[in-house]
Amino acid sequence: MKLVVTEKNDAAQKIADLLGATKPKADKVFSTPVYRFDVDGEEWVTIGLRGHILEPDFAPQLVYKKRGGWQGVTAEGEAVPADIPATLARPPFKKKKPFTEDGVELKSWKMEALPYLVYAPIEKLPKEKDIIRSLKNLAKKADSIVIATDFDREGELIGADALACCREVNPTAPVSRARYSAFTKAEIQGAFSNLVAMDEDLAQAGASRQDIDLIWGAVLTRYLTLVKFAGYGNVRSSGRVQTPTLALIVARERERMAFVPEDYWVIRGAFDADATAGPTAGEGPGAFEAGHATARFKSAAAADAAMAAVAGAASARVAAVETKRRTVAAPVPFNTTSLLAAASSEGLSPARTMRLAESLYMDGYISYPRVDNTVYPSSLDLAEVVRTIADNPAYAPYCKELLAKGALTATRGKKETTDHPPIYPTAKATPDDLPPAEYKLYNLVARRFLATLSDPAVVEGTKVSLDVAGEPFVAKGDVLAVPGFRAIYPYGLKKDETLPALAEGATIAFNGATCAKKQTEPPARYSQGKLIQEMEKLGLGTKSTRHAIIERLYQVKYIQNDPIEPSQLGMAVVDALDKFAPHITHPDMTADLEQKMDDIAAGATTREAVVGTSRNLLSQELGELLPHSEDVKEALADAVAADAYVGKCPKCGKDLQIRASQKTKSMFIGCAGWPDCDVTYPLPKGKIESVPEPCPTCGMPQVKVTAFRAKPRTVCIDPACATNQEPDVVVGECPVCKAAGKESKLVARRNPRTLKRSVTCENFDECGTRYPLPQYGALTATDEVCEACGAPMVIVTTARGPWKLCPNFDCPAKEQEEEKKAGARKGGAKRKPAAKKASKR
DNA sequence: GCAAGGTC
């Protein structure tokens, strides 16, 4: 059997369709779709991955010891070398010891661990476990393997990872690589009859990108998060792409802040070509406006002089009429960036547009939405696409016209690649077929496609020069003379500005002028669409990731609103990094990396050398950051405090803030007046964010709580508030008292000081029975009793539905389950925490 | 709890 591995399911299906002598059979291996078919009597199977199936991470079990360096073995079975550079032999810590008895644990987020994290070994861990299982299952039976992932650097890496998985179960089957750049019969058949070898260097280039992104991202993110800790789930991230992108936004904001507006004056006159006097003067069809030939007067005196000159005038002379025709070229085919920019102007954010496009693509309405290409390949039958969408009545007449013209020629953009065709419609859709937002995007794609096959538009521009008592005025009009592509593509079209017919030398009515004082505007903030274009220009991110990067910046609250403005926090982060770790704030880091990756791919250098150099550079910059942590902390403090503010203290009137305990890092609400004011409120578990609205019941501040894997909820911070009162629930008999021959009830209640909820025996002082309960979710009692331990069962209802449980932590049934889970883990490794937990109670 | 890159 021949196994063909592609990057995505869609490609696996297409290749099967193009190579199979008969229709391929769609099958499944576990839950992964595969396609089986015959080629010259040989059995072939294609399987699609889901992009990267392995993910790099720091070897989780590694510890760096004072004596002996890295301890442990990576998951791949390699012993870890102790290759920490000499500069780190004495870490830049004075007060705190960098090492515990056990060494520096890299898994824990500790400042002391960061210098070692820079040099921590990285291994590849499985990410798509289901797919890996299916792939290995097929690879076991394969006589030969063809890697047919996308023909680019990431594709080569994805293929190399897939091959590594195959090799674990099948070390001998011959392997080859198919390189194709379009899903056409000729291209695919050509690729499979000219199979080549895997490009190991190219895959290594991709792997070095992964390593560098992880190392820089993890070290700087952890640094920023730890330097001014603001609670779990409150991460301040940094990365090779997101930080320079944020820096762009911050730089623009700084320009705006530094901008000094200048006054200027604009004079506009009212004219009428028809009326010379009378009550309807200036209102008929002949009325129009014209500005003074000096568009902006720099001084009030000059403007006043011009106004004075025309003050008494009642007529104007038409000094000149010029008409000029100019052609507006039809737009070029959509790639991802231009689609996102066009959709952004129509009010769809890039992230939303990509979700909609993905959905349209999956349902077969548009072609693959992640492309750089802006030139239709010759293999694309343009007329056929036109016929396909002509069934939509809104496009029908235009399509008919296009088809009647004969051979179609399309516009061409500047970027020509062979990855995928530009985005075009692949099926007919009407507003009845799709939800409104999807149709909005489909309509944009379909109209753009038709526009790229259309003639240019011709605009007739008219410029009329007028003379009012010696002062020159100019009126401009633009009329769409030949619609061309504009007949089908109205996006961004200016309204016609028509002027009445005017003859040179004629005298018309002048109905006075107005003078308005204005101010020059600072450079505009980026819209999301503009920012995506700027990122592309600077080489930041890829067509598939730019929208997600911007969304990430919103999520961590570095930026807000659209057009985008940076938050105080975003500005503080960029300033701090720019000062001490400037490499991460500049797009050059990506440009350098691209150059080095080309070198690796060309065999001129190695992944080890490139990643090593990058590690040394990061080590240096971290060496700058660490001694300045107090400065950085201070710079972030104001911004963090602004986000942490929840309301006023009821006792002293100062700010109440979300705070983290220095020792335990647990969250609580404290008064900014501490230590003079000791007001505090407990907080439930989860990510805590402030909300502006006070509690509708008691007027105290509220917070948004997002517990692990739960929906966010808004709660009043005052445990005494009526909204936080829960009735005690009697859940049943206490099994311990019962066994001792006594009778006592178990009652569920919440501790107002810690907010923890538990089931406690009414006779706690004597019997000591107390079981913990989940912190949130409605609680109901049942009549049932746990079979294993006799404790009463309870039902907790959360957003995920009701969940029946035995509250007894030491219930024998639970231990059995733990063992089962531990047994299911690979190698039957015994789990220590289970024993630890038991001893804790 | 980190990044960025694929794809769902």
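Below, read A as the first sequence line, B as the second, and so on, with proteins coming before strands; counting in each chain starts at 1. All heavy atoms count here, side chains included; hydrogens, waters and symmetry mates do not.
- Across all strands shown, Ile215(A) has no heavy atoms under 4.0 Å from either base or sugar-phosphate atoms.
- Within 4.0 Å (heavy atoms only), Ser544(A) reaches at least one base atom of the nucleic acid.
- When side chains are defined from C-beta on, Ile600(A) does not count as touching Thr606(A), because their heavy atoms never get closer than 4.5 Å.
- Residue Arg236(A) has no polar side-chain atom (N or O) positioned under 4.0 Å from OP1 or OP2 of dC2(B).
- Distances from the side chain of Val235(A) to the nucleotides dG1(B), dA4(B), dT7(B) place dG1(B) closest.
- Of the N and O atoms on the side chains of Ser338(A) and Asn335(A), at least one donor lies less than 3.5 Å from an acceptor on the other residue.
- Atom CE in Met535(A) sits roughly 9 Å away from atom P in dA4(B) (whole-Å rounding).
- Note on Gly206(A): nothing from the nucleic acid sits closer than 4.0 angstrom, heavy atoms only.
- Residue Gln210(A) is in base contact, counting any heavy-atom pair closer than 4.0 Å across all strands shown.
- A straight line from NE2 of His547(A) to P of dT7(B) spans 11 Å, rounded to a whole angstrom.
- Rounded to whole angstrom, the span from the CG atom of Leu220(A) across to the P atom of dA3(B) amounts to 11 Å.
- For Ser237(A), the side chain to side chain contact (heavy atoms under 4.5 Å, CB included) partners are Thr221(A), Val235(A), Gln242(A), Arg552(A), Val556(A), Tyr558(A), not counting sequence neighbours.
- Note: Phe580(A) and His628(A) have parallel aromatic rings, judged against thresholds of 30 and 60 degrees for the angle between ring planes.
- Rounded to whole Å, the distance from CG on Leu157(A) to P on dT7(B) is 13 Å.
- For dG5(B), one of the phosphate oxygens OP1 or OP2 lies less than 4.0 angstrom from a side-chain nitrogen or oxygen of Arg240(A).
- What separates CG of Leu54(A) from C1' of dT7(B) is a distance of 15 Å, to the nearest Å.
- Computed from coordinates, the Leu117(A) CG to dC2(B) C1' distance equals 9 Å when rounded to whole Å.
- Remark: Ala635(A) pairs with no residue by the side chain to side chain contact (heavy atoms under 4.5 Å, CB included) rule, at least two apart or across chains.
- Within the 4.0 angstrom heavy-atom criterion, base atoms lie near Gly51(A).
- Heavy atoms of Gln242(A) sit under 4.0 angstrom from primed sugar atoms or phosphate atoms, though from no base atom.
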| field | Chi angles and distances behind the ring-ring contact (aromatic ring centres under 6.0 Å, His included) call for Tyr361(A), Tyr368(A) | value | CA-CA 6 Å; Tyr361(A) 163 65; Tyr368(A) 190 69; 5.3 Å; yes

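- Within 4.0 Å of Asp150(A), counting heavy atoms only, lie sugar-phosphate atoms of the nucleic acid but no base atom.
- With rounding to whole Å, Glu551(A) atom CD is found 16 Å from dA3(B) atom C1'.
- Separating the NE2 atom of His583(A) from the P atom of dA3(B) is a distance of 18 Å, rounded to the nearest angstrom.
- For the OP1/OP2 pair of dG5(B) and a distance below 4.0 Å, the side-chain nitrogens and oxygens of Thr545(A) include at least one atom meeting the criterion.
- Checking Gln13(A) against Thr46(A) by side-chain atom types alone, no donor-acceptor pair falls below 3.5 Å.
- Contact annotation: Tyr361(A) does not reach the phosphate of dT7(B) (side-chain N/O to OP1 or OP2, under 4.0 Å).
- At the phosphate of dT7(B), OP1 or OP2 sits under 4.0 Å from a side-chain N or O atom of Arg370(A).
- One finds no side-chain N or O of Ser238(A) lying less than 4.0 angstrom from the OP1 or OP2 phosphate oxygen of dA3(B).
- Counting atom types as modelled, Glu55(A) pairs a side-chain N or O with a base atom of dA4(B) as donor and acceptor under 3.5 Å.
- For Asp213(A), whose side chain is taken as the heavy atoms from C-beta onward, the closest listed nucleotide among dC2(B), dG6(B), dA4(B) is dA4(B).
- With dT7(B), dC2(B), dG5(B) as the candidates, the nucleotide lying closest to the side chain of Tyr368(A) is dT7(B).
- The phosphate of dG5(B) has neither OP1 nor OP2 within less than 4.0 Å of any side-chain N or O from Arg209(A).
- Nearest-nucleotide assignment on DNA chain B puts the 5′-proximal partner with Thr225(A), out of Ile549(A) and Thr225(A).
- Aromatic stacking is not marked for Trp216(A) over dA3(B), as the cut-offs of 5.5 Å for the centres and 30° for the planes do not both hold.
- Between dA3(B), dC2(B), dG6(B), one nucleotide has an atom nearer to the side chain of Glu7(A) than all others, and that is dG6(B).
- Heavy-atom distances to DNA chain B give each of Met362(A) and Arg552(A) a nearest nucleotide, and the one nearer the 5′ end belongs to Arg552(A).
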